S.K.: 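Take this structure, written in C-alpha cells, and hold onto it; I'll ask about it next.
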Amino acid sequence: MNKIKSVIIIILFLGLSSCDDDFLDVTPSNSGDASTSIQTLADAKVMLTGIMSNMTSSNYYGRNFILYGDAKGGDLTTFSMGRGLDGLYSFNHSPTTGSYSGFWNSIYNSILQANNLIVNIEKLQAAGSEANFDDVKGQALTARALMYFDLVRIYGKPYSYDKESYGVPNILEPLDALEQPLRATVAANYNQIIADLIAAQPLLSKSKTNGYLNYYANLALQSRVYLNMERYPEALAAAQEIIDSGVYSLYSNSAWVNSWAGQFGSESIFELAILPSEADLGNSSLSVYLRRSGHGSASAIGQFIASDYYLNRLGEDPNDVRWGILDYDEVSATHMGASYKYSGDTTLSGDGKSTPTAVNIKVIRLSEIYLIAAEAAFHTDKDLAATYLNAIRKRAPDLAPATAGTISIDMILDEKSKELFTEGQRYFDMLRLNKDIVFNDDLGGVPISTRPKTIDRSFYKTILPISQEEINANPEIGNQQNPEY
C-alpha cells in the first residue's frame, strides 16, 4: 500500500489535468493541506471528473477489466498465444509474474481519490459551507462502492463460496504515510460496499447526467451486489425500482445493433466516456483487441475471439439480433468470433467521435437489470422471472418464450451470456453460481499448461495473487497471500 501512496500525487494530478486548465488550481490533499484541497463545489466536481477519467484506464474499464471477465469465463478464446494479455486466458499468474498488479494499483489509486474527495466535502460541510455537495458526495461514495466490488471479486473468493476468506483492505480515508493496511474479509468488504451505497442513495440526483453516476446507477449497483450476496429480495427490489421508473427503456430489436454506434442510449444507466484526446487507447483499445486480425490496423492481431461454446449458444437462433455486432475472424469466413461492440459496428464507424477506438464503455445497461430481476425473482416467483427474462430473450425471435415451467437459472445465465458478451460479466457469474468453466483451447490447438481445460471456483487461480511488489511495500500483507500462491 506504500507503493500506492507514493504515486497518489501523480495520479491525482493526471486526473485533474484531463480537464480544463483552470482545474489545475485544485490542490490534491496528499500534496498539501487537505483542508484547503477543495474549497468550492466546482473544485469537487473537478475531482469527481478526474475519478471518472481514471476509471477508463487500460488497467480498469478501458480494457483489462472487461477482458478479465470474458477471457476467464469461457466466452472468449484465443487462436494463438503471445498476442497480448493471453495470461488472462491461460491463468498464468504468480506473485512475481503475471500478477496483473495494474488492477490493484489503478483501482486503489482511484479509491484514494474518492476518499480524498469524500473527506474534504465532509470537512467543508462541518465548517458550515452553504454549497450543496450532496450529489458529488453521493457519486464519490457510489464510485468507491463499485471499485471495491470489482476489487473484491478479483482478489477474493465469491461471497456465496467463502465470505470469511480474505478480501481486500478497506481504506476509507486518506492514508497516513506510515500506515500499512491489511486485508479485510470478503464479508467486511461487501458490508462496506452496501454501507456506501445506502449512504449515497438519498444524496443522488434522479436526473441523467451523461458520463456520471445517478440515483438509478446506485440502485443498479445495489442489485448487482445483493445478487452476489444471494440477498434476492433486495436485488429484485432495486432492479424493479429502476425498471418501473420508466427513466430508461430497452432497445428494440431493430435498434439493438445500432445502439453500439451511439453514446448514452436509452439503456445506458452508467456509461464512461472515452474521449479521443484523453482516454483513447488507440491500437491498445478493446476495439482492436476484439476485432478481426488485420481489420483496419496492422496492430489488430485477433487477441481474443468468441469461443465455439458461446457461438453455439447464440446459434440457438440464427436470427438472434445479437449476431449483428459479430463478424468473421481468422478461423474461417464463417466463424463469427470477432466482437465489434467497441468499434461501433463491423465497419469500424465508432460511436460518433473522430476515431473508432474511442468508444464509450457501457458499464451498466438496463438489459442487465432485467436479467438480475429475472434471477432474483426466480427463487420466489417463476412467472415474474419469466416475464423479465422474456423481455431480453425476445432478441432471439425464433426461440420459445420462457414460462414458469421452463425457466431455469441456466436459461437466465445463458441469456446473460448472449446479451452481455464482451461486457466483462461472464466469469464472475460462473464463479458465484459455482458453474464449471470449459475453455475452447482446441479451437486453435493452443497448449495450456497453467490451468486445466475445465475449472471451477475451487481452482486457486480463479483469484489473483497479491503481487510481490505490493508485499515488498507492505510486508505484513504477505502473510495474507491467497492460498497456493
Side-chain angles (χ1 to χ4, degrees), residues 15 18-20 45 48-58 60-63 65-67 135 139 142-143 146 204-218 220-221 242 245-291 296 321-322 324-327 339-370 395 419-425:
S18 68
C19 309
D20 296 341
K45 289 179 177 179
L48 181 65
T49 297
I51 293 169
M52 297 300 164
S53 177
N54 284 334
M55 290 177 72
T56 67
S57 77
S58 62
Y60 201 14
Y61 278 103
R63 188 189 64 210
F65 185 73
I66 301 293
L67 294 176
D135 188 66
Q139 290 197 59
T142 303
L146 173 59
L204 290 161
S205 169
K206 293 186 177 181
S207 299
K208 291 183 180 179
T209 306
N210 291 343
Y212 292 88
L213 294 153
N214 69 359
Y215 176 87
Y216 297 105
N218 177 287
L221 185 52
I242 298 166
S245 73
V247 174
Y248 306 92
S249 58
L250 293 173
Y251 300 129
S252 66
N253 278 12
S254 60
W256 190 90
V257 173
N258 289 336
S259 71
W260 297 98
Q263 303 172 45
F264 307 109
S266 67
E267 278 201 22
S268 185
I269 298 175
F270 179 41
E271 181 170 325
L272 286 166
I274 304 291
L275 304 179
S277 60
E278 295 175 14
D280 185 1
L281 295 176
N283 286 328
S284 297
S285 65
L286 281 168
S287 171
V288 173
Y289 267 64
L290 292 169
R291 72 172 72 153
V321 299
R322 291 164 294 203
I325 205 67
L326 300 175
D327 205 352
S339 174
Y340 285 80
K341 282 184 175 179
Y342 302 99
S343 298
D345 59 26
T346 57
T347 65
L348 309 183
S349 295
D351 65 1
K353 306 191 192 84
S354 58
T355 66
T357 53
V359 171
N360 290 358
I361 307 299
K362 296 171 173 60
V363 180
I364 308 176
R365 293 196 292 120
L366 185 61
S367 289
E368 180 193 351
I369 302 307
Y370 271 82
R395 310 273 195 227
E419 179 67 23
L420 303 180
F421 178 62
T422 62
E423 294 182 53
Q425 301 268 13

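Because the structure is a prediction, the values reported are computed rather than measured. When a residue number appears, it is its place in the shown sequence, counting from 1.
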S.K.: Could you give the distance from CG (Leu204) to OG1 (Thr142), rounded to the nearest 0.5 Å?
M.R.: 4.5 Å
S.K.: Distance check, rounded to the nearest 0.5 Å: Leu272 atom CG versus Tyr61 atom OH?
M.R.: 8.0 Å
S.K.: Quick check: do Glu267 and Tyr248 have side-chain heavy atoms less than 4.5 Å from each other?
M.R.: no
S.K.: What's the spacing between Ser259 OG and Ile325 CD1 if we round to 0.5 Å?
M.R.: 7.0 Å
S.K.: Tell me the closest heavy-atom pair linking Ser339 and Phe421, and the distance in Å.
M.R.: CB-CE2, 3.9 Å
S.K.: Taking the six-membered ring of Tyr289 as reference, does the NZ or CZ atom of Arg63 fall below 6.0 Å from its centre and within a 45° cone about the axis?
M.R.: yes
S.K.: Does Thr357 form a side chain to side chain donor-acceptor pair (under 3.5 Å) with Tyr342? I'd like the steps, not just the answer.
M.R.: CA-CA 7 Å; Thr357 53; Tyr342 302 99; over 6 Å; no
S.K.: Side chains of Leu281 and Thr56: closer than 4.5 Å at any heavy-atom pair?
M.R.: no
S.K.: For a 4.5 angstrom cut-off between non-hydrogen side-chain atoms, does Asp345 reach Trp260?
M.R.: no
S.K.: Can you find a heavy atom in the side chain of Ser367 that is under 4.5 Å from one in the side chain of Arg395?
M.R.: yes
S.K.: Which atom names give the shortest non-hydrogen contact between Tyr216 and Ile242, and what distance separates them?
M.R.: O-CD1, 3.6 Å
S.K.: Can you check whether Ile269 reaches Val247 side chain to side chain, under 4.5 Å on heavy atoms?
M.R.: no
S.K.: Looking only at heavy atoms, which two atoms of Ser343 and Ser287 are closest? And how far apart?
M.R.: OG-OG, 2.6 Å
S.K.: I need the Gln139 CD to Leu213 CG distance, nearest 0.5 Å.
M.R.: 5.5 Å
S.K.: Look only at the side chain of Gln263 and the backbone of Asp351, and say whether a donor-acceptor pair between them is shorter than 3.5 Å.
M.R.: yes
S.K.: With rounding to the nearest 0.5 Å, note down the distance linking CD1 in Ile364 to CG in Leu146.
M.R.: 6.5 Å
S.K.: Are the side chains of Lys353 and Asp280 in touch, meaning some heavy atoms are under 4.5 Å apart?
M.R.: no
S.K.: Does any non-hydrogen side-chain atom of Phe270 lie less than 4.5 Å from one of Met52?
M.R.: yes
S.K.: Do you know the tightest heavy-atom contact between Glu271 and Asn360?
M.R.: OE2-ND2, 2.9 Å
S.K.: Give the minimum heavy-atom separation between Lys341 and Leu420, together with the two atoms involved.
M.R.: NZ-C, 3.9 Å
S.K.: Considering non-hydrogen atoms only, spot the tightest contact between Val359 and Pro356 and give its length.
M.R.: CG2-O, 3.3 Å
S.K.: Hey, does the side chain of Ser53 reach the backbone of Thr49 with a donor-acceptor pair shorter than 3.5 angstrom?
M.R.: no
S.K.: Roughly how far apart are Leu286 CG and Arg291 CZ, rounded to 0.5 Å?
M.R.: 11.0 Å
S.K.: Check Arg365 with Glu419, please: is the shortest side-chain N to carboxylate O separation under 4.0 Å?
M.R.: yes
S.K.: Are Asp135 and Ser205 linked by a side-chain donor-acceptor pair shorter than 3.5 Å?
M.R.: no
